[in-house]
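Each chain gets a letter, A, B and so on, in the order its sequence line appears, and its residues count up from 1.
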2 protein chains.
Amino acid sequence: MHNPLTAEVSQSCDDCPIRHRAVCARCEADELEVLDSIKYYRAYEAGQTILWSGDRMEFVGSVVRGVASLTQTMEDGRTQMVGLLLPSDFVGRPGRDSAAYDVVATTDIVMCCFRKKPFEEMMARTPHLAQRLLEMTLDELDAAREWMLVLGRKTAREKIASLLSIIARRDATLNLSAGAGPLEFDLPLTREAMADYLGLTLETVSRQINALKRDGVIELKGKRHVTVPDFDLLNEEAGDDSDGGMLS
Amino acid sequence: MHNPLTAEVSQSCDDCPIRHRAVCARCEADELEVLDSIKYYRAYEAGQTILWSGDRMEFVGSVVRGVASLTQTMEDGRTQMVGLLLPSDFVGRPGRDSAAYDVVATTDIVMCCFRKKPFEEMMARTPHLAQRLLEMTLDELDAAREWMLVLGRKTAREKIASLLSIIARRDATLNLSAGAGPLEFDLPLTREAMADYLGLTLETVSRQINALKRDGVIELKGKRHVTVPDFDLLNEEAGDDSDGGMLS
DNA sequence: GAAACTCCTTGATTCAGATCAAACGCGCGA
DNA sequence: TCGCGCGTTTGATCTGAATCAAGGAGTTTC
């Protein structure tokens with residue numbers, strides 16, 4: 001198994017390039033050592049399927065760079081993206097043998113992986129690791145349920161605004177650009193990928209994005225670079241006034 | 001705090017009326033004793049809100065009898081049910097202070113609760129409890145993501161069939177009526193509650209249920225009692241052929 | 001530098017499900 | 001027994017997003 005990025009491995013928790021939150025939260029020296037000894041990096045190209053639903057999984061890990069998605073597909077080809085994996089997000093199901101969804105690289109991506117078996121053994125020994133994973137899984141559950149509201153009850157325009165809001169938020173916290181002022185970020189998804197996430201068609205996504213632009217809610221430089229002049233306004237469009245002040 | 005059902009408390013894991021799966025999986029005598037010492041029962045009437053989103057939670061627990069739902073509501077009143085709690089389902093977020101959703105009793109309901117603080121203390125001491133909870137949370141996450149496919153990509157008819165299938169399955173496993181033959185169960189939800197779960201209107205729910213009846217996929221005795229002559233057929237209607245044989 | 005991609009936009013038309021509106025059935029308390 | 005309220009059904013109409021169809025714009029490939 002080729003390991004293209006071993007050079008990036010770091011022993012220090014603070015500057016660990018992968019930010020694997022499962023560990024960093026309450027790391028202890030000897031645990032980190034174990035984890036480093038079972039960790040490796042893998043790179044995938046945009047479009048590659050990292051894991052097929054039903055596949056045996058031999059690792060857990062997190063996204064270092066790039067974007068991946070969890071996708072479900074029906075026999076007739078209808079697909080729904082059920083999770084968006086951005087840098088620092090965790091992948092894997094400790095205690096489960098097989099993947100429940102396709103994991104697809106949406107952009108070129110680098111993953112930091114831990115071999116599953118030793119990871120689980122370690123988990124059985126260190127209670128706070130299991131607790132940390134539980135917390136992370138609860139976060140994911142919250143995100144999934146928030147998304148159920150988006151899918152079930154929001155209009156196309158609101159869906160787009162919700163997605164942009166989430167990506168903007170994630171991007172801002174990751175880059176620590178916590179100031180007020182306009183937010184700016186690259187859209188890591190094609191119109192089709194957005195449609196699959198939002199339960200829409202790509203045509204509708206295109207129309208609504210351009211409608212938001214026409215209405216001054218967002219600005220576009222090229223098709224993939226977005227500027228949000230007023231984050232509160234975007235959240236209002238998303239029909240979601242909650243925590244609008246989080247970044248301002 | 002009134003405790004209407006203390007009489008039902010049982011020390012034995014096997015016939016514990018609440019089936020709190022977090023414990024029963026790998027129970028040990030002294031753990032059970034601790035758990036019993038911090039457990040109490042509560043009853044709620046249909047329509048009562050057990051917990052408001054944002055409320056401080058002082059317990060975790062599971063449903064003994066009846067049905068509850070996790071609900072999210074937008075400022076303008078649109079609501080989406082994000083979780084259906086049937087008997088044996090776990091409620092609560094160990095490690096979290098406040099509820100993320102409204103928890104509403106859909107029918108009269110009995111909950112078995114553990115006081116949160118001591119439960120968490122116990123969790124920190126016993127690794128397999130945290131691991132068990134992690135597994136349960138992963139199950140919930142799977143369920144939520146499966147539901148995202150339903151909400152995002154299925155037609156009204158498929159949505160109804162999916163819901164009926166889930167309830168039928170749960171009902172069958174709970175009552176151990178694992179034989180082949182027609183399934184039969186009571187619908188614990190009003191048309192409106194179904195609509196909130198499926199991202200539809202109650203009129204559409206009504207129409208589609210009667211359409212399924214007209215087409216012989218289900219039979220109705222009264223408005224709330226359903227018979228499914230052919231479970232595979234129902235799953236086909238749900239657009240979900242997977243594991244059709246689970247019960248047959 | 002043209003062909004062949006892939007991704008995105010835009011327009012015309014259709015249709016599933018929402019909305020608006022009315023009425024039915026059934027249990028329940030007065 | 002009579003309303004009365006709640007959940008449900010059913011019908012008529014409307015509409016937001018899907019579908020079908022065509023073209024544009026930016027790449028890679030040879």
Side-chain angles (χ1 to χ4, degrees), chain A residues 45-48 67 74 76-80 104-108 150-164 186-215 218 220-226 237 239, chain B residues 45-48 67 74 76-80 104 106-108 150-164 186-214 218 220-226 237 239:
Chain A
E45 285 176 14
Q48 256 190 299
V67 180
M74 295 172 65
D76 61 6
R78 283 178 282 178
T79 73
Q80 176 67 46
V104 183
T106 300
T107 65
D108 289 351
V150 173
L151 288 173
R153 291 301 185 194
K154 292 196 178 178
T155 65
R157 170 184 264 245
E158 289 169 331
K159 284 177 174 181
I160 296 287
S162 297
L163 179 60
L164 293 178
D186 286 316
L187 264 183
L189 302 173
T190 65
R191 302 289 184 260
E192 189 181 22
M194 287 189 257
D196 282 344
Y197 199 37
L198 296 164
L200 299 170
T201 60
L202 63 92
E203 293 96 327
T204 299
V205 169
S206 178
R207 279 186 246 271
Q208 294 300 334
I209 285 183
N210 289 311
L212 286 175
K213 177 184 165 191
R214 208 169 29 254
D215 298 347
I218 60 172
L220 290 178
K221 282 198 181 60
K223 293 163 196 315
R224 295 295 200 89
H225 190 85
V226 180
E237 290 287 347
Chain B
E45 286 177 15
Q48 255 190 301
V67 180
M74 295 170 66
D76 63 4
R78 284 178 280 178
T79 74
Q80 175 66 48
V104 183
T106 299
T107 65
D108 289 351
V150 173
L151 288 174
R153 293 301 185 193
K154 292 196 178 177
T155 65
R157 170 184 266 244
E158 289 170 331
K159 284 178 173 181
I160 296 287
S162 297
L163 178 60
L164 293 178
D186 287 316
L187 262 183
L189 304 173
T190 65
R191 301 289 183 259
E192 188 181 23
M194 288 188 255
D196 282 343
Y197 199 38
L198 296 165
L200 299 170
T201 60
L202 64 91
E203 292 96 328
T204 299
V205 169
S206 177
R207 279 186 247 269
Q208 294 300 334
I209 285 183
N210 289 312
L212 286 175
K213 177 185 167 191
R214 206 169 32 253
I218 59 172
L220 289 178
K221 282 197 182 60
K223 293 168 196 315
R224 297 294 202 88
H225 190 84
V226 180
E237 290 286 348

Taking only N/O atoms, report every protein-nucleotides 6-10 of chain C pair under 3.5 Å with atom names and distance.
from, atom 1, to, atom 2, distance (Å)
C/dC8, OP1, A/Arg224, NE, 2.9
C/dC8, OP2, A/Arg191, N, 2.8
C/dT9, OP2, A/Arg191, NE, 2.8
C/dT9, OP2, A/Ser206, OG, 2.8
C/dT9, O5', A/Ser206, OG, 3.3

For a side chain to side chain contact (heavy atoms under 4.5 Å, CB included) check, start with the C-alpha distance between A/Leu220 and A/Asn210, then their side-chain angles and the critical distance, and finish with the verdict. CA-CA 9 Å; A/Leu220 290 178; A/Asn210 289 311; 4.2 Å; yes
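- Backbone-only contact: B/Gly199 has heavy atoms under 4.0 Å from sugar-phosphate atoms and none from a base.
- The two residues B/Ala46 and B/Thr106 have their closest heavy-atom pair at CB-O, 3.7 Å.
- Taking every heavy atom of both residues into account, A/Tyr197 and A/Leu151 meet most closely at O-CD2, 3.6 Å.
- Between the CG atom of A/Leu200 and the OG atom of A/Ser206 there is a distance of 12.0 Å, given to the nearest 0.5 Å.
- Taking atom CG of residue B/Leu198 and atom P of nucleotide C/dG17, one finds them 12 Å apart after rounding to whole Å.
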Check against side chain to side chain contact (heavy atoms under 4.5 Å, CB included), B/Ile209 and B/Ile218: CA-CA 8 Å; B/Ile209 285 183; B/Ile218 59 172; 4.2 Å; yes
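- Shown here is A/Gln48, whose CD atom has more than 12 heavy atoms of other residues, nucleotides or ligands within 6.0 Å.
- Listed by chain and residue number, B/Arg191 satisfy the side chain to side chain contact (heavy atoms under 4.5 Å, CB included) test with B/Lys223 (two or more places apart in sequence, or in another chain).
- Annotation: proximity of residues 155-163 of chain A to DNA chain D (heavy atom, distance under 4.0 Å) is found for A/Thr155, A/Ala156, numbered in ascending order.
- Read 5' to 3', the first and last nucleotides of DNA chain D with an atom closer than 4.0 Å to a heavy atom of chain B are D/dT8 to D/dA12.
- Rounding to the nearest 0.5 Å places CZ of B/Arg207 at 11.0 Å from CZ of B/Arg214.
- Test A/Thr79, A/Thr201, A/Thr190 against A/Asp196 for side-chain hydrogen bond (donor to acceptor under 3.5 Å, both in side chains) and you get one pass: A/Thr79.
- When the C1' atoms of four end pairs are superposed on the next four at each end of the helix from C/dG1-D/dC30 to C/dA30-D/dT1, using five pairs per end, the two resulting axes differ in direction by 30°, to 10°.
- Between B/Lys154 and A/Arg78, the shortest heavy-atom contact is CA-NH1, 3.9 Å.
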Could you go step by step and tell me if A/Leu212 and A/Leu164 meet the side chain to side chain contact (heavy atoms under 4.5 Å, CB included) rule? CA-CA 11 Å; A/Leu212 286 175; A/Leu164 293 178; 4.2 Å; yes
For A/Met194 and A/Leu187: C-alpha separation, side-chain torsions, deciding distance, then whether side chain to side chain contact (heavy atoms under 4.5 Å, CB included) applies. CA-CA 10 Å; A/Met194 287 189 257; A/Leu187 264 183; 3.7 Å; yes
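- Taking B/Asp108 as the reference, nothing meets the salt bridge (charged side-chain N to carboxylate O under 4.0 Å, His left out) condition, with sequence neighbours excluded.
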